[in-house]
Chemist: 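Pasting in a structure now, in structure tokens, and then I'll have a few things to ask.
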Amino acid sequence: MKKNNADTVVVLDFETSGLSPDMGDRAIEIGAVLIEAGKITDRFQQLMNPGFKINSFIQQYTGITNSMLRNADIGSEVIKKFVEFIGKNNLVAHNASFDRRFLDSEMAIAKKSYNGQFSCTLLLARRIYQNAQDHKLGTLIRLKNLPSSGVFHRALADAEMTAHLWLRMLEDLEVEYGIVNPSFEYVEKLSKMPKQKVASLLRK
DNA sequence: TGCCAGGCCCTCTTTAGGGCCTT
């Protein structure tokens with residue numbers, strides 16, 4: 001097996017107090033699953049106390065309340081544990097640029113670092129599911145009839161759905177495109193290719 | 001005081017603007 005196969009990754013999702021760590025927003029929950037050789041083998045989920053009260057929109061959107069966060073560990077403590085969970089694996093998220101910004105921000109606060117590269121299920125889905133009505137996580141889960149607990153906008157539930165989407169996309173790359181056992185780097189390259197070029201790879 | 005994301009991607013584009021995605 002290739003050392004850096006796409007079927008061994010950590011898939012993560014953050015719930016946050018807003019859209020931008022540069023504007024003072026913080027992570028309030030992290031959820032992640034470890035995929036090894038194409039199977040989910042471990043899970044990580046923790047609330048993160050941001051040190052301030054989150055607004056009503058975020059409480060309603062996520063179902064995470066200020067009373068739930070009051071007794072949660074502070075972000076830096078959670079991130080230190082999450083670094084151990086990541087290990088040496090590469091990372092996957094839906095709209096990874098968002099989760100990467102928060103991961104980097106929380107890592108900087110905790111004075112920790114990680115080595116894994118990020119790949120993005122949103123960018124890949126826009127290329128290999130070009131006819132989808134949109135590329136929101138929930139839409140793609142329904143489109144591909146993938147497992148869902150029915151819970152949305154909670155970190156572990158979203159990370160699990162993203163993991164199922166990632167595995168399905170690897171499967172579809174093999175079935176639809178004839179790409180067998182791709183490396184993480186190859187999938188990453190594919191997710192940045194012009195859409196027309198990806199479409200031309202599709203088996204007729 | 002008032003403002004406020006940012007990366008990707010398309011097009012009526014590149015001397016720009018706006019929709020999509022994430023919370």
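Sequence lines set the chain letters: A, B, ... in the order given, protein chains first and strands last, and positions in each chain run from 1.
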Chemist: Between B/dT14 and B/dG18, how far is it from one P atom to the other, in whole Å?
Modeler: 13 Å

Chemist: Rounded to whole angstroms, how far apart are CD1 on A/Ile141 and C1' on B/dT22?
Modeler: 15 Å

Chemist: Please give, in whole Å, the distance from B/dG19 C1' to A/Leu122 CG?
Modeler: 13 Å

Chemist: Give one of base, sugar-phosphate or nothing for A/Phe102, where a contact means two heavy atoms less than 4.0 Å apart.
Modeler: nothing

Chemist: What is the distance, to the nearest angstrom, from the CZ atom on A/Arg154 to the C1' atom on B/dT22?
Modeler: 17 Å

Chemist: How would you label the contact of A/Ser17 with the nucleic acid (heavy atoms, under 4.0 Å): base, sugar-phosphate, or nothing?
Modeler: nothing

Chemist: Over all strands shown, is A/Asp25 touching base, sugar-phosphate only, or nothing at heavy-atom distances under 4.0 angstrom?
Modeler: nothing

Chemist: Between B/dT22 atom P and A/Ile28 atom CD1, what is the distance in whole Å?
Modeler: 16 Å

Chemist: Using a heavy-atom cut-off of 4.0 Å across all strands, would you classify A/Lys192 as base, sugar-phosphate, or nothing?
Modeler: nothing

Chemist: On DNA chain B, check which nucleotide each of A/Ser191 and A/Ser20 is closest to and give me the residue with the more 5' one.
Modeler: A/Ser20

Chemist: Would you check if A/Asp158 and A/His153 make a side-chain contact, meaning some heavy-atom pair closer than 4.5 Å?
Modeler: yes

Chemist: Any base atoms under 4.0 Å from A/Asp158, or only sugar-phosphate, or nothing? Heavy atoms, all strands.
Modeler: sugar-phosphate

Chemist: Out of B/dT22, B/dC9, B/dG6, which nucleotide sits closest to the side chain of A/Leu137?
Modeler: B/dT22

Chemist: Whole angstroms only, please: what is the CD1-P distance between A/Ile30 and B/dT22?
Modeler: 17 Å

Chemist: For nucleotides B/dG19 and B/dC12, find the distance between their C1' atoms and express it as a whole number of Å.
Modeler: 15 Å

Chemist: When you check the gap from the basic side-chain N to the acidic O, do A/Asp172 and A/Lys144 get nearer than 4.0 Å?
Modeler: yes

Chemist: How would you label the contact of A/Asp134 with the nucleic acid (heavy atoms, under 4.0 Å): base, sugar-phosphate, or nothing?
Modeler: sugar-phosphate

Chemist: Give the nucleotide from the list B/dT22, B/dG6, B/dT23 with an atom nearest to the side chain of A/His153.
Modeler: B/dT23

Chemist: Could you check how far CE of A/Met23 sits from C1' of B/dT22, rounded to whole Å?
Modeler: 17 Å

Chemist: Map A/Thr62 and A/Asp22 onto DNA chain B by nearest heavy atom, then report which one ends up closer to the 5' terminus.
Modeler: A/Asp22

Chemist: Quick one: is A/Lys195 getting a side-chain N or O under 4.0 Å of the B/dC8 phosphate, OP1 or OP2?
Modeler: no

Chemist: Looking at A/Glu84 and A/Lys81, does any basic side-chain N land under 4.0 Å from a carboxylate oxygen?
Modeler: no

Chemist: Just to verify, which of A/Glu29, A/Glu15, A/Glu160 counts as forming a salt bridge (charged side-chain N to carboxylate O under 4.0 Å, His left out) with A/Arg154?
Modeler: A/Glu29

Chemist: Quantified in whole Å, what is the C1' atom distance between nucleotide B/dG6 and nucleotide B/dT23?
Modeler: 13 Å

Chemist: Answer yes or no: is there a side-chain heavy-atom contact under 4.5 Å between A/Ile54 and A/Ile28?
Modeler: yes

Chemist: CG of A/Asn95 versus C1' of B/dG19: gap in Å, rounded?
Modeler: 13 Å

Chemist: Measure the distance from CZ on A/Arg126 to P on B/dG19 and round it to the nearest whole Å.
Modeler: 14 Å

Chemist: If I pick the P atom on B/dC10 and the same atom on B/dC4, what distance separates them, to the nearest angstrom?
Modeler: 27 Å

Chemist: Filter on ring-ring contact (aromatic ring centres under 6.0 Å, His included), then keep only pairs touching residues 10-47 of chain A, sequence neighbours left out; what's left?
Modeler: A/Phe44-A/Phe82, A/Phe44-A/Phe85

